[in-house]
Asker: 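For reference, the structure I am asking about is given below.
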Amino acid sequence: MNRFVSAGLAAVIALGLGAGAWAQEITIKFSHVVAPDTPKGKGAEKFKELAEKYTEGKVKVEVYPNSQLYKDKEELEALQLGAVQMLAPSLAKFGPLGVPDFEAFDLPYIFDGYEQLRKVTDGEVGKAMLAKLEDKGIRGLAYWDNGFKIMSANSPLLTPDDFLGLKMRIQSSKVLEAEMNALGAIPQVMAFSEVYQGLQTGVVDGTENPPSNMYTQKMHEVQKNATLSNHGYLGYAVIVNKDFWDGLPEDVRGQLEKAMAEATVYANGIAQEENEKALQAMKDAGTTEFHEMTDEEKAAWKEVLLPVHEQMASRIGADLIAQIKAATGAE
Ligand code: LMR
C-alpha cells in the first residue's frame, strides 16, 4: 500500500468512526403540558441547557411544551412505551398509572407552605414514594414545585356554599374529586390542554390551579372570580423511562444527574416568584376579581375540607398520610 493510499484509508476510518459517534448521539424527548414561561417550562429548559453542556453535546434534549406531543394521560403511556424519555407530570396524575400514593400531595391543607413541603420531598418519605414508580418501568429523578392553588369561577367563591352545583375541572386525582365533592361541587376530570376551552364554553364553571398555570393558559380571561385560597399544593415528579436511563453509559448518566440536581434547585428557586408575578399580571389585566380570604372563611373551608384526609386514607394509606404529617411536623 503506498503512502497516499494508507493515509486516505486512515482518513476514511477516522471519518467512519466520527460518523459512528454522531449516529450514537443520545436524544431525550422531554414532553410536558404547560407553557414554556412557567416554573416547569423554565425548569425543563434549564435541564436542557445543563444536560447538553455537561455531556458536551453527547446528549440532545428536545423540550416539547404545551401538550404539543401528548396530553395528560397519553404522556405517561408514551413514556412507558419509550416514545418520549422524560416527563414532569403533576403529582395529581399518577393514579391512573396505579400509583395513587402521590395523591397525598393533593390533600387539602396538608402543607402550610413550601418549607413543610420540602421536608417531605427532600426526605425519606419523598424518596420512598418515587421508588414506587420502578415497578411501572419508571425512574423518579426529582420533585419540582409549581405552587399553591387558587380557586376560580364566574361567581364569587367565599364560602363552601358558593360551590354548590358548580362544575369544577380537576386533574385525575381521586383526592381532588373528594375535595370538590366535599365543597358540594361537581368534579370533572379534564386534560389540562382542554381547560381554557372548557371554561370558555361553559362545559365547566371553574377550576383550581396555581396562578402561573392560570395566567399562561389565559384562564383569567374566562374566569370573573378567584379566591386566593392556597388550599392545596401542585407540584411535579420528574420521571424517565427506566430502561432508557439504566441503558445510558455511566459517565453520561452521572452528567445528567448533575444537570437534573442543578435544574431542580433552579426550578424550585423560581417557582414562588413566578406565581407571584403571574398573580400580579392577572390583577393588572383586570378581568378577574381576586378575593383575599378572611379568617372566618378559611375556617369554614377547613371544616369541610379537612375530613377529606380521613376519607382518602383507604386509598392513599393512613400510614403514608401519618408519615407525611410527621415529616412536616403537623402531628
Ligand atoms: C393541571 O392539569 O392542572 C396541571 O397538572 C398542569 C401542570 O402540569 O402544571
Side-chain angles (χ1 to χ4, degrees), residues 30-45 47 63-76 78-79 84 86-97 99-100 102-108 117 121 140 142-153 167-177 179-180 185 187-200 203-220 222-223 226 229-239 267-268 270-272 274-275 278-279 282:
F30 187 160
S31 170
H32 68 81
V33 301
V34 296
D37 198 15
T38 54
K40 176 162 67 178
K42 290 186 172 182
E45 285 301 330
F47 173 71
V63 181
Y64 297 93
N66 266 328
S67 310
Q68 240 172 58
L69 286 187
Y70 301 104
K71 297 199 282 190
D72 297 346
K73 201 164 166 284
E74 293 91 357
E75 71 172 12
L76 279 157
L79 185 83
V84 291
M86 188 174 278
L87 306 173
S90 152
L91 298 163
K93 292 179 184 168
F94 286 86
L97 189 75
V99 190
F102 290 104
E103 292 179 5
F105 285 93
D106 301 328
L107 288 167
L117 162 86
T121 53
Y143 289 100
W144 285 2
D145 285 336
N146 188 327
F148 289 85
K149 294 176 287 187
I150 63 183
M151 287 281 195
S152 67
K167 286 174 276 158
M168 296 294 284
R169 179 269 170 173
I170 55 163
Q171 306 175 73
S172 61
S173 160
K174 293 287 176 206
V175 169
L176 298 179
E177 191 178 305
E179 171 200 275
M180 290 300 180
Q188 303 220 345
V189 176
M190 185 180 277
F192 185 66
S193 55
E194 290 161 11
V195 180
Y196 175 85
Q197 212 186 357
L199 292 169
Q200 190 190 33
V203 170
V204 284
D205 300 306
T207 190
E208 53 165 20
N209 238 303
S212 61
N213 276 348
M214 187 173 170
Y215 177 59
T216 51
Q217 297 299 318
K218 302 189 185 341
M219 293 179 206
H220 61 291
V222 288
Q223 295 278 265
S229 47
N230 294 325
H231 60 281
Y233 171 76
L234 192 154
Y236 310 107
V238 187
I239 57 178
N268 291 343
I270 62 165
Q272 189 170 358
E274 288 291 316
N275 277 301
L279 179 58
M282 289 192 287

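All residue numbers in this chain count up from 1 along the given sequence. Order of appearance sets the numbers: ligands from 1, and atoms from 1 within every ligand.
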Asker: Which part of T38 is near ligand 1, with near meaning a heavy atom under 4.0 Å away: side chain, backbone, both or neither?
Answerer: neither
Asker: Does V195 approach ligand 1 within less than 4.0 angstrom via side chain, backbone, both or neither, non-hydrogen atoms only?
Answerer: neither
Asker: Which residue from K93, M190, E208 reaches closest to atom 2 (O) of ligand 1 through any of its heavy atoms?
Answerer: K93
Asker: What is the minimum heavy-atom distance between V175 and E103, and which atoms define it?
Answerer: CG2-O, 3.5 Å
Asker: Check A88 against Y236 and note the closest heavy-atom contact, atom names and distance.
Answerer: O-CD2, 3.2 Å
Asker: Below 4.0 angstrom from a heavy atom of V34, which ligand 1 atoms are there? Numbered from 1 as shown, please.
Answerer: 6 (C), 7 (C), 8 (O), 9 (O)
Asker: I want to know if ligand 1 touches N209 in the polar sense, i.e. an N/O pair below 3.5 angstrom.
Answerer: yes
Asker: What is the closest protein heavy atom to atom 1 (C) of ligand 1, and at what distance does it sit?
Answerer: F192 CD1, 3.3 Å
Asker: Determine whether the side chains of E274 and S212 contain a donor N or O and an acceptor N or O closer than 3.5 Å.
Answerer: no
Asker: Heavy-atom contacts with Q171 under 4.0 Å: which atoms of ligand 1 show up? List them by number with element.
Answerer: 1 (C), 2 (O), 3 (O), 4 (C), 5 (O)
Asker: Nearest heavy-atom pair of I150 and M214: which atoms, and what distance?
Answerer: CD1-SD, 3.9 Å
Asker: Could you go through K42 and E45, starting from their C-alpha distance and side-chain angles, then the distance that decides it, and tell me whether this counts as salt bridge (Lys or Arg N to Asp or Glu O under 4.0 Å)?
Answerer: CA-CA 5 Å; K42 290 186 172 182; E45 285 301 330; over 6 Å; no
Asker: With backbone taken as N, CA, C and O and side chain as the heavy atoms from C-beta onward, which portion of K40 lies under 4.0 Å from ligand 1: side chain, backbone, both, or neither?
Answerer: side chain
Asker: Using a strict 4.0 Å cut-off to heavy atoms of S90, name the atoms of ligand 1 that fall inside it.
Answerer: 5 (O)
Asker: Nearest protein heavy-atom contact for atom 3 (O) of ligand 1: which residue, which atom, what distance?
Answerer: R169 NH1, 2.7 Å
Asker: When you look at M86 and F47, which way does the side chain to side chain contact (heavy atoms under 4.5 Å, CB included) test go after all the steps?
Answerer: CA-CA 11 Å; M86 188 174 278; F47 173 71; 3.6 Å; yes
Asker: Which residue and non-hydrogen atom of the protein lie closest to atom 9 (O) of ligand 1, and at what distance in Å?
Answerer: Y236 OH, 2.5 Å
Asker: Would you kindly specify which portion of K149 sits under 4.0 Å from ligand 1, judged on non-hydrogen atoms: side chain, backbone, both or neither?
Answerer: neither
Asker: Indicate whether any N or O donor in one side chain lies under 3.5 Å from an N or O acceptor in the other, for Y233 and D145.
Answerer: yes
Asker: For this output row, return yes or no: ring centroids of F94 and F105 closer than 6.0 angstrom.
Answerer: no
Asker: When you measure from the heavy atoms of H32 to every atom of ligand 1, does any distance fall below 4.0 Å?
Answerer: no
Asker: N/O to N/O below 3.5 Å, does that happen between D72 and ligand 1?
Answerer: no
Asker: Do you know which two heavy atoms are closest between Q223 and A153, and how far apart they sit?
Answerer: OE1-N, 3.1 Å
